[in-house]
Amino acid sequence: MAVTSAILLVGGMGTRMQPLTLSTPKPMLELLGRPITEHQIMKAKEAGIEEIVLATSYMSEVFTPHFGDGSQLGIRISYAVEEVALGTGGAIRNAADSLRSDGGVIIFNGDILSAHSLKEQIALHESKSADVSLHLTRVEDARPFGVVDIDGDFRISSFMEKMENPPTNLINAGCYIFNRSAIEKIPHGEVVSVERQTFPELLSEGARVFGYIDTSYWIDIGNPNALLAATKELLNGEPYDLGERATISPTARITNGSYIGADSTIGADAVLDNCIVGRGASVGAGAKLTTCHIAPGAKVPEGFIAGGNFFGFTELSGENPYI
Ligand code: GTP
């Protein structure tokens with residue numbers, strides 16, 4: 001049966017992304033002016049996905065006002081809210097109840113940006129009659145990731161979560177295809193980790209788990225530096241990009257993959273190097289900022305000098321600028 005549905009895991013606390021996630025869930029942080037989740041939804045749509053369930057928990061109230069029923073993006077979107085976070089596996093089991101289709105399901109970690117071909121991953125899943133298939137990529141330092149062993153037929157033989165001396169550099173890249181029977185093996189209503197519990201259990205039961213290896217552009221946007229790196233990568237050598245109605249003084253200098261959010265203002269002689277400026281923020285004249293995150297609506301004073309800093313991120317009070 002064709003793979004036409006997807007689940008996006010967007011309910012994590014995003015602790016490594018603090019302070020940016022004090023007032024915004026990580027998947028709703030903007031990358032070039034659009035939430036990370038929106039980039040993923042559009043990728044899924046391009047691969048023929050027709051319906052998506054957002055599995056939410058932390059700050060779940062932020063998603064629905066932004067995405068609604070998906071009609072603006074041309075895809076059907078619904079929401080599975082966990083009152084208590086169920087972990088990645090528990091979230092998949094819970095969200096699957098909301099899907100209309102009975103076919104296989106693509107599952108995305110909500111903080112990954114990847115140029116791999118979903119269509120090719122689906123084709124491999126189908127040609128191998130897999131129960132589950134995982135996008136795999138190679139990284140130089142695999143310690144922060146789950147790594148796999150794979151045989152000559154792309155079948156995964158072992159799955160090892162984050163360790164000090166990983167035996168391979170082939171990592172779980174956070175995009176899976178699950179057949180419905182594999183999802184139904186996950187206990188309902190319980191906290192389950194797909195990486196620590198579901199994958200090793202499937203392997204020990206002899207399930208057909210395959211890897212789709214693709215080493216094109218891939219980034220795990222798990223922390224603030226990764227968000228800056230992803231911005232620079234997407235800008236592909238351009239010094240910066242601007243949101244709508246952003247105003248930049250002709251004497252300001254903006255370089256090295258910066259993003260200046262909609263309705264923001266950059267004053268005279270300000271210098272910004274690989275920075276992200278939130279919507280409606282202002283950077284005063286003569287400020288010099290390197291690898292900084294400026295919160296939506298924040299006001300950086302004139303002459304302010306900072307490197308690797310966060311400006312204006314606090315716990316939510318009043319209206320959320322991302323809605
Ligand atoms: P850290 O707290 O910094 O580790 O980030 P995180 O909370 O996002 O956790 P992690 O990066 O391991 O999560 C991978 C993906 O799964 C992210 O997109 C999370 O939003 C999502 N996720 C993690 N835990 C849950 C959960 O309990 N429920 C749901 N619905 N999603 C989750």
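Counting starts at 1 for both ligands and their atoms, following the listed order. Keep in mind that the numbers below use all heavy atoms, side chains included, and drop hydrogens, waters and symmetry copies.
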Handout entry: Test side-chain contact (heavy atoms from CB on, under 4.5 Å) applied to Asp273 and Leu289, step by step
Key = CA-CA 6 Å; Asp273 177 303; Leu289 308 175; over 6 Å; no
Practice task
Output the set of protein residues with a heavy-atom contact under 4.0 Å to ligand 1, ordered first by chain identifier and then by residue number.
Solution key: Leu9, Val10, Gly11, Gly12, Met13, Gly14, Thr15, Arg16, Lys26, Ala55, Glu82, Ala85, Leu86, Gly87, Thr88, Ala91, Asn109, Gly110, Asp111
Exercise for the section: Return the minimal non-hydrogen interatomic distance between Ala287 and Val300, and the atom names on each side. Expected result: CB-CG1, 4.3 Å
Practice task
Consider only side-chain N and O atoms of Asn172 and His135, and report whether a donor and an acceptor are under 3.5 Å apart.
Solution key: no
Exercise for the section: Rounded to the nearest 0.5 Å, what's the gap from CD1 on Ile107 to OG1 on Thr88? Could you check? Expected result: 10.0 Å
Could you pull out every donor-acceptor pair under 3.5 Å between side chains of residues 225-233 and any protein atom, sequence neighbours left out?
from, atom 1, to, atom 2, distance (Å)
Thr231, OG1, Leu227, O, 2.8
Lys232, NZ, Asn256, OD1, 2.8

Exercise for the section: Considering non-hydrogen atoms only, spot the tightest contact between Asp220 and Phe145 and give its length. Expected result: OD2-CE2, 3.5 Å
